[in-house]
Amino acid sequence: MNYLPEVLKILEGALRSNAEQAVNYARLLVEKLEQEGEHQQARLIQRKLDTLPSALVPLSGGQFGTVPIDHESRLGLAHEEHVPVDEPNVLLDEHLRDEVQRFLADVLHMDRLFAAGIQAWPRMLIFGPPGVGKTQLARFIAAQLGLPLLTARCDSLISSFLGSTAKNIRYLFDHASQRPCVLFLDEFDALAKARDDAQELGELKRVVVGLLQNMDALPPQTIVVAATNHEQLLDPAVWRRFNYRLQIHLPPPALRFALLQSYLGRFAAPDLSLVRAVELTAGLSGGLIRQAVEDCIRQAVLANEPAVSEGTLLTRIAHSVLSAQKREPTREEITKLLLEKSVPLRVIAAGTGASMRQLLKQGKNRTSHKKQKGKANGQTGESGSRR
Ligand SMILES: Nc1ncnc2c1ncn2[C@@H]1O[C@H](COP(=O)(O)OP(=O)(O)O)[C@@H](O)[C@H]1O
Ligand SMILES: [Mg+2]
């Protein structure tokens with residue numbers, strides 16, 4: 001009987017730090033030896049396997065080597081990917097960029113730090129409003145470290161049977177500890193809700209305790225990055241587990257400029273000024289800016305145009321700004337916003353398809369309306385609109 005294929009796979013697993021693979025093939029080898037009547041050799045290997053740290057014991061039910069699933073919904077508890085190093089482009093302001101570089105250096109030099117007596121593994125919590133690039137940053141970190149990214153959406157770990165939630169967490173953390181990786185806990189607040197939240201059941205509080213214990217038991221090669229839009233819901237004990245806490249705000253003007261430029265790429269006409277677009281995107285997340293720009297590019301490509309015009313860009317951004325406040329805005333509302341922002345009529349006309357006559361009329365109505373309002377305010381002694 002030839003055992004070489006198993007031995008080679010075990011060796012390969014060991015050389016690539018893929019304990020999962022090594023253990024899996026060692027089990028196969030035990031089975032083969034048993035079948036061949038080589039009971040003593042099989043027992044020797046089995047004894048070695050029995051002394052494995054618990055983190056390497058295969059997950060009950062799930063196929064070893066595959067991402068574990070929630071037994072109720074049959075959905076995977078995590079998603080695993082290898083992010084190409086040149087793919088995620090994350091634009092951050094200087095202070096955050098420095099923090100990320102410090103984090104990466106900490107991870108890469110963990111051995112030296114550990115030898116110097118520093119025992120806190122680098123762990124990062126990213127928080128901020130939706131669409132500011134938290135997920136993108138986690139992808140960037142995994143790509144920079146050259147590690148697989150294991151993303152778990154924490155809300156999907158929560159089972160309607162709370163006992164299963166604790167199990168799901170254990171399966172996930174067991175899986176994540178099998179080889180070096182970045183474990184990205186997205187929508188982290190779903191799991192890490194404040195333990196003293198009066199509405200929560202005692203059971204869910206136990207889930208949080210379990211989560212913390214699982215986190216503490218992870219090997220240093222499992223790099224934990226978590227993200228949340230609701231940092232105020234996090235338990236102080238959870239905060240303490242993270243020595244890097246990055247708050248990402250909605251992008252300031254310089255970053256909005258960089259985002260617009262980066263998303264437009266070669267579709268930015270050489271004479272396209274982004275000054276008004278930067279002003280108009282105030283309050284929009286990078287995600288919404290990206291959507292707006294990509295819509296414009298789609299429009300340009302389908303119309304066989306080589307570049308995105310300022311009118312199209314501003315109209316699409318105005319649409320985003322207004323739909324963030326309410327449902328689908330009308331063309332009149334979009335035009336009104338652009339007029340308020342003193343965008344030249346010809347640019348508005350090009351973007352919205354409105355005629356100059358309509359725009360002049362709408363502009364005039366607006367000015368006379370403003371004047372009347374100004375007068376009315378003057379009579380009541382108010383110094384202008386406060387809204
Ligand atoms: N600062 C940023 N740099 C690069 N891309 C960004 C940035 N902010 C948002 N994006 C883009 O917007 C989209 C949504 O970002 P995402 O990371 O999913 O946001 P979040 O996780 O904070 O909700 C992604 O396609 C991402 O590329
Ligand atoms: Mg996200």
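As the structure lists them, so they are numbered: ligands from 1, and atoms in each ligand from 1. All residue numbers refer to positions in the sequence shown, counting from 1.
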Atom indices of ligand 1 within 4.0 angstrom of G131 heavy atoms, with elements
8 (N), 9 (C), 19 (O), 20 (P), 22 (O), 23 (O)
Salt bridge check, D186 against R153: does any charged N sit closer than 4.0 Å to a carboxylate O?
no
Number the atoms of ligand 1 from 1 as they appear, then name those within less than 4.0 Å of a heavy atom of P130, with their elements.
23 (O)
If you scan protein heavy atoms around atom 17 (O) of ligand 1, the nearest is Q136 N, 2.9 Å
Ring centres of F242 and F188 under 6.0 Å apart?
yes
Regarding E333 and K336, does a basic nitrogen lie under 4.0 Å from an acidic carboxylate oxygen?
no
Tell me, please, if Q136 has any N/O/S atom, main chain or side chain, under 2.8 Å from the Mg ion (ligand 2)?
no
Show which atoms of ligand 1 fall inside a sub-4.0 Å distance from at least one heavy-atom site of Y263.
4 (C), 5 (N), 6 (C), 10 (N), 11 (C), 27 (O)
List ligand 1 atoms under 4.0 Å from L259, heavy atoms only on the residue side.
2 (C), 3 (N), 4 (C)
Considering only heavy atoms of G133, which atoms of ligand 1 have at least one such atom less than 4.0 Å away?
7 (C), 8 (N), 9 (C), 15 (O), 16 (P), 17 (O), 19 (O), 20 (P), 22 (O)
Under the salt bridge (charged side-chain N to carboxylate O under 4.0 Å, His left out) rule, what do R245 and E231 come out as? Steps first, then yes or no, please.
CA-CA 10 Å; R245 300 161 193 168; E231 73 278 7; over 6 Å; no
Does this structure show an ion pair linking R256 with E279, if we count only N-O contacts that are shorter than 4.0 Å?
no
Report yes if some heavy atom in the side chain of Y244 is under 4.5 Å from a heavy atom in the side chain of V225; otherwise report no.
no
Protein residue, atom and distance nearest to atom 7 (C) of ligand 1, heavy-atom basis:
V132 O, 3.8 Å
Would you kindly specify which portion of K134 sits under 4.0 Å from ligand 1, judged on non-hydrogen atoms: side chain, backbone, both or neither?
both
What atoms in ligand 1 come closer than 4.0 Å to a heavy atom of N89?
3 (N), 4 (C), 5 (N)
So do the side chains of T222 and P180 get within less than 4.5 Å of each other, counting heavy atoms only?
no
Among protein heavy atoms, which lies nearest atom 24 (C) of ligand 1, and at what distance?
R290 NH1, 3.8 Å
For ligand 1, which atoms sit closer than 4.0 Å to a heavy atom of V90?
3 (N), 4 (C)
In this structure, are over 12 heavy atoms from other groups packed under 6.0 Å from R346 atom CZ?
no
Salt bridge check: are E31 and R27 linked by an N-O gap of less than 4.0 Å?
no
For the pair R47 and D50, find out whether any cationic side-chain nitrogen is under 4.0 Å from an anionic carboxylate oxygen.
no
Heavy atom of the protein closest to atom 18 (O) of ligand 1 (residue, atom name, distance):
T135 CB, 3.8 Å
Atom 14 (C) of ligand 1: which protein heavy atom is closest, and how many Å away?
G287 CA, 4.0 Å
Suppose I only count heavy atoms of L91 and a 4.0 Å limit; which atoms of ligand 1 are within that range?
1 (N), 2 (C), 3 (N), 4 (C)
